[in-house]
K.L.:
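The structure that follows is given in the form of structure tokens.
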Amino acid sequence: MPFSFYAMRGLSTKAPCLLMPAFGPGQGWIYVDDLYLMYMTRTGAANGTLGGHAYAPNVNWQGSMFNGFAILNNEVDAPRYAYFDGTYAVFGNVPAWPADLRVKVLRPYKNFLVGLDVTVGGARDKRRVRWSASADPATLPTSWDITDATKDAGDVSLAEGTDGLLDCLPLGNGNIV
């Protein structure tokens with residue numbers, strides 16, 4: 001059965017900013033527009049709606065699956081996660097995310113979440129890479145603190161070149177930026 005996002009629950013007629021399959025084959029879709037984060041089942045029912053949250057309009061969203069969680073990010077708001085509890089999608093803020101940190105792209109690599117094009121406290125570095133502390137299987141990272149020597153979170157600015165970082169994806173044992 002095809003999805004009908006616009007007819008559901010009086011949603012706006014805006015096109016989705018992000019539409020991604022989530023939580024395994026055939027289980028559903030994550031839908032994001034300027035007003036809603038929601039999980040859509042194959043039958044078109046909306047579960048786990050986070051309506052009414054004021055997201056920045058007209059921004060690029062991206063999403064990835066990490067340890068069974070959907071990770072949802074744009075460069076203006078703090079990133080969100082979603083997981084499926086068997087009946088509903090549960091949405092929340094990525095744990096331990098620093099209040100003054102924003103990244104243009106947030107992707108998984110092994111047991112880490114990796115952010116590119118980093119802004120901290122309003123200062124943007126288009127060539128900076130920042131990664132979380134490693135996460136245990138089926139969990140999210142519990143730290144982004146790059147000053148804590150007991151954690152393996154970190155960051156680096158890639159000096160060569162002048163263009164901003166666009167994306168990264170794993171290839172074998174490497175993370176291609």
Side-chain angles (χ1 to χ4, degrees), residues 17-32 37-39 47-48 50 55 59-121 123-161 163-177:
C17 300
L18 173 68
L19 181 63
M20 65 178 267
F23 314 124
Q27 286 189 341
W29 294 81
I30 297 288
Y31 167 93
V32 179
L37 281 172
M38 56 171 44
Y39 172 66
N47 291 323
L50 253 182
Y55 291 106
V59 295
N60 292 323
W61 283 82
Q62 85 277 335
S64 302
M65 293 302 297
F66 175 76
N67 283 350
F69 295 88
I71 304 296
L72 311 168
N73 181 65
N74 68 46
E75 64 189 288
V76 178
D77 300 302
R80 309 282 292 179
Y81 72 87
Y83 70 91
F84 187 61
D85 72 0
T87 304
Y88 295 99
V90 177
F91 292 91
N93 294 320
V94 168
W97 187 265
D100 65 343
L101 175 64
R102 297 294 181 266
V103 295
K104 189 168 186 176
V105 175
L106 187 61
R107 297 283 187 207
Y109 173 65
K110 295 187 177 184
N111 292 336
F112 301 89
L113 286 174
V114 178
L116 306 177
D117 193 342
V118 176
T119 301
V120 178
R124 183 176 182 188
D125 184 346
K126 292 181 181 185
R127 303 210 32 88
R128 185 160 294 280
V129 179
R130 184 151 180 182
W131 58 92
S132 68
S134 58
D136 291 330
T139 67
L140 291 168
T142 58
S143 178
W144 288 83
D145 187 353
I146 60 176
T147 64
D148 184 348
T150 66
K151 305 289 184 192
D152 50 358
D155 74 340
V156 65
S157 187
L158 303 178
E160 294 182 21
D163 294 333
L165 303 177
L166 299 177
D167 209 345
C168 64
L169 291 172
L171 180 63
N173 283 327
N175 189 26
I176 306 303
V177 176

K.L.:
Supply the atom-to-atom distance D77 CG to W61 CH2, rounded to the nearest 0.5 angstrom.
P.N.:
5.5 Å

K.L.:
So, using side chain to side chain donor-acceptor pair (under 3.5 Å) as the criterion, who are the partners of D155 when residues are at least two apart?
P.N.:
R128

K.L.:
Checking side-chain contact (heavy atoms from CB on, under 4.5 Å) against V32, which of L18, N74, L19 comes through?
P.N.:
L18

K.L.:
Any chance you could measure N67, atom CG, to L140, atom CG, to the nearest 0.5 Å?
P.N.:
7.5 Å

K.L.:
Sequence neighbours excluded, which residues qualify as side-chain contact (heavy atoms from CB on, under 4.5 Å) partners of D148?
P.N.:
D145, T150, K151

K.L.:
To the nearest 0.5 Å, what is the distance between CG (L72) and OH (Y31)?
P.N.:
13.5 Å

K.L.:
For residues 168-177, pull every pair meeting salt bridge (Lys or Arg N to Asp or Glu O under 4.0 Å), keeping only residues two or more places apart or in separate chains.
P.N.:
none

K.L.:
Any idea which heavy atoms bring P170 and Y109 closest together, and the distance?
P.N.:
CB-CD1, 3.9 Å

K.L.:
Taking only residues at least two apart or on different chains, which pairs with a member in residues 131-144 satisfy side chain to side chain donor-acceptor pair (under 3.5 Å)?
P.N.:
S134-D152

K.L.:
Kindly write out the residues that satisfy ring-ring contact (aromatic ring centres under 6.0 Å, His included) with Y81, not counting sequence neighbours, or none if the list is empty.
P.N.:
F69

K.L.:
Please name the pair of heavy atoms, one in W97 and one in A78, separated by the smallest distance, quoted to 0.1 Å.
P.N.:
CD1-CB, 3.9 Å

K.L.:
Mind checking side-chain contact (heavy atoms from CB on, under 4.5 Å) for L158 and listing every partner two or more places apart, or none if nothing turns up?
P.N.:
R127, V129, V156, L165, V177

K.L.:
State the CG-CZ distance between D117 and R124, to the nearest 0.5 angstrom.
P.N.:
4.0 Å

K.L.:
Residues two or more places apart in sequence or in another chain: which of them pass side chain to side chain donor-acceptor pair (under 3.5 Å) with N175?
P.N.:
none

K.L.:
Please table the atom pairs, donor to acceptor, closer than 3.5 Å between any side-chain atom in residues 99-108 and protein atoms at least two apart or in another chain.
P.N.:
| from | atom 1 | to | atom 2 | distance (Å) |
| --- | --- | --- | --- | --- |
| R102 | NE | V76 | O | 2.8 |
| R102 | NH1 | A99 | O | 3.3 |
| R107 | NE | D167 | OD1 | 2.8 |
| R107 | NH1 | G63 | O | 3.3 |
| R107 | NH1 | S64 | OG | 2.9 |
| R107 | NH2 | D167 | OD2 | 3.1 |

K.L.:
With rounding to the nearest 0.5 angstrom, report the CZ to OH distance, F66 to Y83.
P.N.:
16.0 Å

K.L.:
Rounded at 0.5 Å granularity, tell me how far CG in D125 sits from CZ in R130.
P.N.:
11.5 Å

